[in-house]
Amino acid sequence: MLLKINNLEKNYINKKEVICALKDINLSVYKNEFITIIGPSGCGKSTILSIIGGLEEKSSGNVIFKNKVKVGYMFQEDALLPWLTVFENCILGLKIQKQNNRDNISYVNKLLKKYGLYEFKNSYPKELSGGMRQRCALIRTLALKPDILLLDEPFSALDYQTRIKVSDDVYKIIKDENKTAIMVTHDIGEAISMADKVIVLSKRPAVIKNEYEIILDKKRIPSLNKKDINFNKYYDLIWKDLDYNE
Amino acid sequence: MNEELNAYLKKIKINKIKIIVFQLLIISLFIIIWQLLSDKNIINSFLCSSPKNVIKTVIKLYNDNNLFIHIWITLKEILISFILGSFIGIFIAAILWFNPFLSKVLDPYLTILNSLPKVALGPIIIIWAGANQNSIILMALLISVISTIIGVYTGFKHTNETSIKLLKSFNANKIQIFNKVVLPYNINTIVSAIKINLSMTFVGVIIGELLVSKEGLGYLINYGSQVFNTSLVMTGIILLAILTSILYFIILYIEKKLKNA
Ligand SMILES: Nc1ncnc2c1ncn2[C@@H]1O[C@H](COP(=O)(O)OP(=O)(O)OP(=O)(O)O)[C@@H](O)[C@H]1O
Ligand SMILES: [Mg+2]
């Protein structure tokens, strides 16, 4: 097990009120697992990732990492800095953590080659397609060799066609590099087709409403998983979970 | 295909030339009409001077070895205030970004100082700094710095949140966030603040010269008006206009270079 979350609670405080975003979240993350989190908008999905990633303080509960587990973050927008080239963007994290040594740089180059961005190394982000930008953002995250990847709606800025292709790409990369992933999404199909485990959150304050181990007839890439015979069964279950109030 | 492109490029070029021709036409017409009106005594050339008189004045200044001294004095004051003002403005904006508490504390003072007509402080500046170049530079700084601070700081504050969050996810410290994101993100803001700063500095320097100086273009204008030598006044104004344009084009050039880099 890489990460264990116990009774996690988060309140946001502003001038008018205290907003309870998370209430009693429990979660265990095992190596090489792909977890997706789905829930109504504004329920607290991003908050969970922010707390795991250390960008936000928790209010109470425990977030326990196994020894030396590192996390890497990937955002909704690709967040590539427009004034840096693809390569400079990819090594940004390494530079900031002063780890831009020869080994790590050659690892980045290897990733760029492997995932078809090497020719665009010296291009600027605006010259890339949406899918390529997302791959570039993923390589930037992978450059720091994180054990767990946190992906916050990484495909929602893409159009439908690209989105399907990029989710296949990103899925393959994550599996290829043997990473563990926690991904937040709005899309039920995406949640089921990428995950080993889907966590369904309630509306705010978010509690875990249901958890599904996804067992497919044959596990393949996401676009093919959507055609699996078991896929619709999960789809209907999660649909009902999310549809409870309206 | 290529022909079409060529035709298009040619059209753009012709249009550009047309614009320049008309721009030159306006200034030539202005000069010709001004000269004609004063030749025919339709306007009083004693009050309004004339292009010929302006040229005569320039030549006279040149022969007296005064022309470039006055230009240089004004230019020097402008450059000193401009460079000093830009650095101080950007530096203080950075301090405010690093220290949100301080920026909140200072916010009302900046707003008040910004809306205060700084010219009103002229007399007191002269009393404090003396009737010399220091007063002129101080005047120019006073006029330009506050707006530079506000412009640049506002830019810093509106730096893309996701980019900052990204850096935080790498555990970057505040200095790294500033250097890697805030500063590069705001290059355009800084350049336009500097452009405004340049015009503000001109205003400041000329006001300063009108108030205290014994040399410089502002002095020529002031002296000319006191002795009722309108040709001298006009000459001062025209030289000032030329100086402004030259500095402005230099800034535009630098901006272009920066954008292409
Ligand atoms: N910094 C903050 N200060 C105050 N309230 C916040 C803050 N961040 C989030 N919230 C509130 O907490 C709740 C959960 O936010 P969060 O961003 O985690 O939701 P989400 O499930 O990711 O939403 P979305 O589907 O829109 O991405 C929201 O109601 C939001 O308004
Ligand atoms: Mg969110």
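A note on names: the letters A, B, ... follow the listed sequences, proteins ahead of strands, and every chain is numbered from 1.
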Check whether more than 12 heavy atoms from other residues, nucleotides or ligands sit under 6.0 Å from atom [atom1] of [X], and answer yes or no.
X      : atom1 : answer
A/K179 : NZ    : yes
A/Y12  : OH    : yes
A/W83  : CH2   : yes
A/K197 : NZ    : yes
B/I175 : CD1   : no
A/K110 : NZ    : no
A/E17  : CD    : yes

Do [X] and [Y] touch side chain to side chain, with heavy atoms closer than 4.5 Å?
X      : Y      : value
B/N171 : A/I96  : no
B/P184 : A/L81  : no
A/F75  : B/S169 : yes
B/L166 : A/R140 : yes
A/K95  : B/Q176 : no
B/F170 : A/Y73  : no

**Study point:** Option in A/G93, A/G54, A/A79 with maximal non-hydrogen atom pairs under 4.5 Å from chain B
**Key:** A/G93
Point to revise | Separation between OG of A/S50 and NZ of B/K168, rounded to the nearest 0.5 Å | key: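 That separation rounds to 11.0 Å.
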Review point. A/K98 versus chain B, heavy atoms under 4.5 Å apart: side chain, backbone, both or neither?
Key: side chain
